[in-house]
2 protein chains.
Amino acid sequence: MTSTDDPAGTTPPLRPTRQRRAVTEVLESFTDFRSAQEIHELLGERGETVGLATVYRTLQRLSEAGDVDVLRTEDGEAIYRRCSDSHHHHLVCRSCGATVEVEGPAVERWTRAIAAEHGYADVSHTLEIFGTCARCS
Amino acid sequence: MTSTDDPAGTTPPLRPTRQRRAVTEVLESFTDFRSAQEIHELLGERGETVGLATVYRTLQRLSEAGDVDVLRTEDGEAIYRRCSDSHHHHLVCRSCGATVEVEGPAVERWTRAIAAEHGYADVSHTLEIFGTCARCS
DNA sequence: CGCCGAGTTGACAATGGTTCTCAACCGGGT
DNA sequence: ACCCGGTTGAGAACCATTGTCAACTCGGCG
């Protein structure tokens with residue numbers, strides 16, 4: 001739809017720079033989703049100097065390449081995490097934010113089936129459940 | 001966690017003004033998701049003069065009240081639609097954006113069950129499936 | 001019927017995440 | 001060592017969304 005195509009096959013070279021390495025390394029240091037700005041801070045704490053713009057650009061590349069998953073928080077912020085950890089979803093309380101991590105083989109199977117049915121390959125998905133927790137209702 | 005509480009019980013009165021009526025009417029005129037700005041334009045086309053800020057505020061109230069569903073586009077824009085249409089999810093091609101609407105009673109049941117199991121009430125969820133469509137792979 | 005107070009509105013400023021710009025820089029093939 | 005194109009960083013630019021605040025409206029009351 002945009003110009004994200006790649007007639008040749010793979011995207012250009014992609015040079016392994018200090019900054020890119022730093023970002024992918026930090027991505028290894030946590031397993032949940034973090035915003036670009038948080039990642040930028042983590043880099044700072046590590047003593048790595050990487051421009052915020054670069055963090056955004058790198059994260060963008062990585063997500064295009066399918067190396068990181070991207071999600072949007074309720075207020076529109078983008079959050080990232082490296083792909084393929086124990087895959088799970090979140091059950092979040094709308095009013096107090098309490099979160100429970102849940103798994104469901106059935107859903108995993110279902111999404112794969114649906115995707116296959118429509119000819120989609122290399123499937124992934126995001127699923128968030130919202131509700132009011134016992135304490136808040 | 002935020003200040004979205006309501007010690008009294010229900011949110012204040014909520015006056016039925018021309019603007020609010022206009023917004024809910026426009027919401028009836030389409031069944032898919034539209035951005036606040038698009039809704040604002042639609043209002044203009046209808047000859048209704050409603051401030052953009054008011055559209056945002058109204059949409060916010062409506063979503064808090066559970067009268068409209070909110071979603072985030074991939075680039076962080078919020079899109080709205082009045083609730084309770086045939087509930088469905090999207091299967092999106094990562095590379096060309098081609099989208100298919102899919103349904104799955106099983107998932108609906110599963111999310112409700114999981115939520116109940118953890119004591120969460122008033123459940124809703126978001127689910128997006130990503131993959132590479134036949135044409136792109 | 002006119003008056004009043006709280007809820008609402010609209011024009012505009014302010015926010016804040018994300019992207020763009022562009023000159024300086026760096027990696028690596030020759 | 002040299003060059004060229006990909007990369008970076010600082011800051012400006014974007015743009016959706018929210019805050020501000022004086023003017024306005026609804027609806028109950030005297």
Side-chain angles (χ1 to χ4, degrees), chain A residues 1-4 6 8 10-26 33-44 46-65 67-81, chain B residues 2-4 6 8-26 33-44 46-65 67-81:
Chain A
M1 142 178 272
T2 34
S3 50
T4 317
D6 187 358
T10 356
T11 331
L14 226 298
R15 205 139 46 178
T17 65
R18 172 180 65 78
Q19 292 86 337
R20 293 221 244 258
R21 230 171 295 125
V23 172
T24 51
E25 259 172 45
V26 174
F33 286 86
R34 301 296 175 85
S35 73
Q37 318 239 9
E38 283 177 315
I39 291 173
H40 179 242
E41 273 175 34
L42 287 175
L43 281 165
R46 282 195 164 211
E48 288 284 2
T49 315
V50 181
L52 181 56
T54 301
V55 173
Y56 273 107
R57 278 183 296 232
T58 305
L59 250 17
Q60 199 170 271
R61 294 293 187 79
L62 290 175
S63 77
E64 281 167 10
D67 289 333
V68 302
D69 284 338
V70 192
L71 225 63
R72 287 279 173 179
T73 65
E74 211 150 301
D75 46 287
E77 216 183 1
I79 47 181
Y80 312 78
R81 79 159 177 202
Chain B
T2 38
S3 52
T4 318
D6 189 355
T10 357
T11 333
L14 225 296
R15 204 138 52 178
T17 65
R18 171 180 65 76
Q19 292 85 338
R20 294 221 243 258
R21 229 172 294 125
V23 172
T24 51
E25 261 172 44
V26 174
F33 285 87
R34 300 297 175 85
S35 74
Q37 318 240 10
E38 283 177 315
I39 292 174
H40 179 243
E41 273 176 35
L42 288 175
L43 281 165
R46 281 193 164 212
E48 288 284 1
T49 315
V50 181
L52 181 56
T54 301
V55 173
Y56 274 106
R57 279 184 296 234
T58 304
L59 249 18
Q60 198 170 273
R61 295 293 188 81
L62 291 175
S63 77
E64 280 167 11
D67 290 333
V68 302
D69 283 337
V70 192
L71 225 63
R72 288 279 173 181
T73 64
E74 210 149 304
D75 46 285
E77 217 182 1
I79 47 181
Y80 312 79
R81 76 156 179 207

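Residue numbering restarts at 1 for every chain, and letters A, B, ... go by the order of the sequence lines. Computed over heavy atoms, backbone and side chain alike; hydrogens, waters and symmetry mates excluded.
- Taking atom CG of residue Leu59(B) and atom P of nucleotide dT9(C), one finds them 13 Å apart after rounding to whole Å.
- Not a single salt bridge (charged side-chain N to carboxylate O under 4.0 Å, His left out) links Glu74(A) to another residue, sequence neighbours left out.
- One interatomic measurement links the two molecules: CZ of Arg72(A) to P of dT17(D), which rounds to 11 Å at whole-angstrom precision.
- Heavy atoms only, all atoms of each residue included: Val55(A) and Ala36(A) are closest at CG1-O, 3.8 Å.
- In this structure, the salt bridge (charged side-chain N to carboxylate O under 4.0 Å, His left out) partners of Arg34(A), at least two apart in sequence or on a different chain, are Asp32(A).
- Listed by residue number, the members of residues 33-44 of chain A with any heavy atom below 4.0 angstrom from DNA chain C are Gln37(A).
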How does protein contact run along nucleotides 23-30 of chain C, one letter per nucleotide 5' to 3', with B for base contact, S for sugar-phosphate only, - for none, heavy atoms under 4.0 Å? ----BS--
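- Thr73(B) pairs by the side chain to side chain contact (heavy atoms under 4.5 Å, CB included) definition with Asp75(B), Glu77(B), Ile79(B), not counting sequence neighbours.
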Could you go through nucleotides 11-14 of chain C and list every protein N or O atom that sits under 3.5 Å from one of its N or O atoms, giving the distance for each pair?
none

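- Straight-line distance from the CZ atom of Arg61(A) to the C1' atom of dT8(D): 12 Å, rounded to whole Å.
- When the salt bridge (charged side-chain N to carboxylate O under 4.0 Å, His left out) test is applied to Glu38(A), no partner is found at least two apart in sequence or on another chain.
- As rounded to whole Å, 17 Å separates atom P of dA16(D) from atom CG of Leu71(B).
- Within the structure, every side-chain polar atom (N or O) of Tyr56(B) is placed at least 4.0 Å from both OP1 and OP2 of dT18(D).
- Between the CZ atom in Arg81(B) and the CG atom in Leu71(B) there is a gap of 8.0 Å [rounded to 0.5 Å].
- Residues satisfying the side chain to side chain contact (heavy atoms under 4.5 Å, CB included) criterion with Val68(A), sequence neighbours excluded, are Leu27(A), Leu62(A), Ser63(A), Tyr80(A).
- Between dG10(C) and Gln19(B), a contact under 4.0 Å exists linking OP1 or OP2 to a side-chain N or O.
- For Val50(B), taking side-chain heavy atoms from C-beta onward, the closest of the listed nucleotides dT18(C), dG10(C), dT17(D) is dG10(C).
- Residues forming a side-chain hydrogen bond (donor to acceptor under 3.5 Å, both in side chains) with Arg61(A) (at least two apart in sequence, or on another chain): none.
- A straight line from CD of Glu48(B) to P of dT9(C) spans 12 Å, rounded to a whole angstrom.
- A straight line from CD1 of Ile79(A) to C1' of dT18(C) spans 15 Å, rounded to a whole angstrom.
- Remark: Thr49(A) engages no residue in a side chain to side chain contact (heavy atoms under 4.5 Å, CB included) (not counting sequence neighbours).
- In this structure, Arg21(B) has no salt bridge (charged side-chain N to carboxylate O under 4.0 Å, His left out) partners at least two apart in sequence or on a different chain.
- Here Thr54(A) pairs with Gln19(A), Val50(A), Arg57(A), Thr58(A) under the side chain to side chain contact (heavy atoms under 4.5 Å, CB included) rule; sequence neighbours left out.
- Straight-line distance from the CZ atom of Arg20(B) to the P atom of dT25(D): 15 Å, rounded to whole Å.
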